[in-house]
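Down below is the structure, laid out as structure tokens.
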Amino acid sequence: MKSIQAKKILTKTKNRNWFGTDYNMNIYRGCHHGCIYCDSRSECYQIDDFDQVSYKENALELLNQELQGKRSKGVIGFGAMSDAYNHLEKKQFLTVKALGLIDAHGFGVSLATKSRLVERDIEQFKSIQQHSPVNIGFSFCTSHDRLASKIERNVSLPSERFEALAKCKESGLYSGVLLMPVLPYITDNWKLLADLVLKAKNAGADYIYPLFGMTLRDRQKNHYFDSLEKLSPEIAEKYRKNFKDTYFFPAENYEYLNDSFKNMCTKLSISYEMTDIIEGYQKSYQMEQGSLF
């Protein structure tokens, strides 16, 4: 277990286009999930030992100070660079304590996770939702446990994430699915995607926000290709042959998948546009509190 000292916890977002967040926060560094496709391995994020999770020893003290210093309230996003419910959280309890501070200072939260550990803190999220927006997004690249266990090895299985999503919805929390990435030659199959949409619907998801393809750059691309070589040399060869070094590698039949997905979500009354998602969990607070959120 490794700890580090942080200089700052909250970072102001450049715009509110990503789930309507005003600030970003990471109280852990690195990730243990083992997802072979994770873009956070890229050089621009400057995390050399990405698979080793460290916790920010002074995170709560800094967070309390920074929240006290904000003139207006806002929504804090976390889970972008490091899952707030990684394996250290079971011992360190930094995430749940951070949620307590966010609650006490009257801020909202938008969180992305691959872990069912989020269930532990449902009551805390409900407390925040009494005064501020709350959004809980569960990240998926497939709905199939067996496939997931090969490409995201150290994380809650998709079936467990759907169970956690259902519990969040049963508790009245705005919750949905981040369907990303959709991996070319692996999960870009409409039968697989339709299965995920149906399972999300059965769990009560408010939304599914997709990315039909994946990002590939520098050391993250190398890690992904090397991992594929061990899992399926045939698929790895397809990538090496067809990838054009364009950063974004779209799914096969991109337009067909996109259109089929939107049609299915529309029929099932599941939101998929970011503007609708943001409005879905923030609208009532905007009406009540003016420009605070």
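We count residues from 1, following the sequence as given. Predicted model only: the values in this text are computed from it and were never measured.
Atoms CG and CD1, from Leu198 and Ile270 in turn, are 8.0 Å apart once rounded to the nearest 0.5 Å. Note: Leu60 CG to Gln92 CD = 10.0 Å, rounded to the nearest 0.5 Å. To the nearest 0.5 angstrom, Leu196 atom CG is 9.0 Å from Cys141 atom SG. The distance from atom CG of Leu192 to atom CG of Leu147, rounded to the nearest 0.5 Å, is 7.5 Å. Atoms CD1 and CG, on Ile36 and Asp226 in that order, are 10.5 Å from each other to the nearest 0.5 Å. Distance check: Asn64 CG to Ile9 CD1 gives 12.0 Å after rounding to the nearest 0.5 Å.
The shortest heavy-atom contact between Ile102 and Gly108 is CG2-O, 3.9 Å. The shortest non-hydrogen separation linking Glu57 to Ser3 is OE1-OG, 3.5 Å. Listed here is the closest heavy atom pair of Ser175 and Leu165: CB-CD1, 3.4 Å. In terms of heavy atoms, Val53 sits closest to His32 at CG2-N, 3.5 Å. Minimum interatomic distance between Ser115 and Ser156 (heavy atoms only, all atoms of both residues): CA-OG, 3.5 Å. Shortest non-hydrogen contact noted between Gly106 and Ser132 is O-OG, 3.2 Å.
Screening residues 195-213 for salt bridge (charged side-chain N to carboxylate O under 4.0 Å, His left out) gives Lys169-Asp206, Asp195-Lys199 as the qualifying pairs, with residues at least two apart or on separate chains. Screening residues 141-156 for salt bridge (charged side-chain N to carboxylate O under 4.0 Å, His left out), with sequence neighbours left out, gives Glu152-Arg161.
Within a 6.0 Å sphere centred on CD of Gln5, other residues, nucleotides and ligands contribute more than 12 heavy atoms. No more than 12 heavy atoms of other residues, nucleotides or ligands shown are found within 6.0 angstrom of NZ on Lys267. Around CD of Gln68, the count of heavy atoms belonging to other residues, nucleotides or ligands within 6.0 Å exceeds 12.
Within the 4.5 Å cutoff, the side chain of Tyr239 has heavy atoms near those of the Leu183 side chain. Inter-residue side-chain proximity for Met214 and Tyr247 is flagged as unmet; no heavy-atom pair is nearer than 4.5 Å. Here the side chains of Asp121 and Tyr85 are in contact, with some heavy-atom distance below 4.5 Å. Considering only heavy atoms from C-beta on, Arg217 comes within 4.5 Å of Asp39 through its side chain. The closest side-chain heavy-atom distance from Trp190 to Asn253 is not below 4.5 Å. Considering only heavy atoms from C-beta on, Lys114 comes within 4.5 Å of Ser139 through its side chain. Side-chain contact between Phe107 and Lys70: present, with at least one pair of heavy atoms (C-beta onward) separated by less than 4.5 Å. A heavy-atom distance below 4.5 Å is found between the side chains of Asn135 and Phe19.
At least one donor-acceptor pair closer than 3.5 Å links the side chain of Glu89 to the backbone N or O of Leu94. Side chain of Ser271 to backbone of Asp276: no donor-acceptor contact under 3.5 angstrom is found. Judged by distance alone, with hydrogens and angles left aside, the side-chain atoms of Ser284 form no donor-acceptor pair with the main-chain N or O of Tyr281 at under 3.5 Å. Under a 3.5 Å cut-off, the side chain of Gln282 and the backbone N or O of Gly20 do form a donor-acceptor pair. Looking at Lys73, its side chain does come within 3.5 Å of a backbone N or O of His105 through a donor-acceptor pair. For the pair Gln52 (side chain) and Gly30 (backbone), a donor-acceptor distance under 3.5 Å is absent. With hydrogens and angles ignored, the 3.5 Å screen pairs no side-chain donor or acceptor of Ser82 with any backbone N or O of Cys31. The backbone N or O of Val182 sits nowhere less than 3.5 Å from a side-chain atom of Asp188 that would complete a donor-acceptor pair. A side-chain donor-acceptor contact under 3.5 Å links Tyr285 to the backbone of Gln129. The closest donor-acceptor contact from the side chain of Ser232 to the backbone of Leu228 lies at 3.5 Å or more, if one exists at all.
Ring centroid separation for the pair Tyr272 and Tyr209 does not come in under the 6.0 Å cut-off. Separation of the Phe138 and Phe162 ring centroids does not fall under the 6.0 Å cut-off. Two rings, from Phe249 and Phe243, have their centers less than 6.0 Å apart.
Under the side chain to side chain contact (heavy atoms under 4.5 Å, CB included) criterion, Ser149 pairs with Leu157, not counting sequence neighbours.
In the hydrophobic clustering of ILVMFWY residues, with side-chain heavy atoms under 4.5 Å counting as a link, Leu257 and Leu268 come out together.
Looking at Glu123 and Lys126, a side-chain N of the basic residue comes within less than 4.0 Å of a carboxylate O on the acidic one, giving a salt bridge. Ionic pairing of Glu237 and Arg240 is not present here: no N-O contact between side-chain nitrogen and carboxylate oxygen is shorter than 4.0 angstrom.
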I'd like to know whether Lys167 forms a salt bridge (Lys or Arg N to Asp or Glu O under 4.0 Å) with Glu170, so could you lay out the CA-CA distance, the side-chain angles of the two residues, the decisive distance to 0.1 Å, and finally the verdict. CA-CA 5 Å; Lys167 289 182 180 179; Glu170 289 169 6; over 6 Å; no
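For Thr113 and Asp83, the side-chain atoms include at least one donor-acceptor pair closer than 3.5 Å. Checked by atom type, the side-chain pair His131/Asp103 shows a donor-acceptor distance below 3.5 Å. Checking His33 against Asn86 by side-chain atom types alone, no donor-acceptor pair falls below 3.5 Å. Remark: the Tyr207 side chain and the Tyr174 side chain contain no N/O donor-acceptor pair separated by less than 3.5 Å. Checking Asn242 against Tyr185 by side-chain atom types alone, a donor-acceptor pair falls below 3.5 Å.
With Tyr23 as the partner, the side-chain contact (heavy atoms from CB on, under 4.5 Å) test is satisfied by one option alone out of Thr13, Val109, Leu67, Leu10: Leu10.
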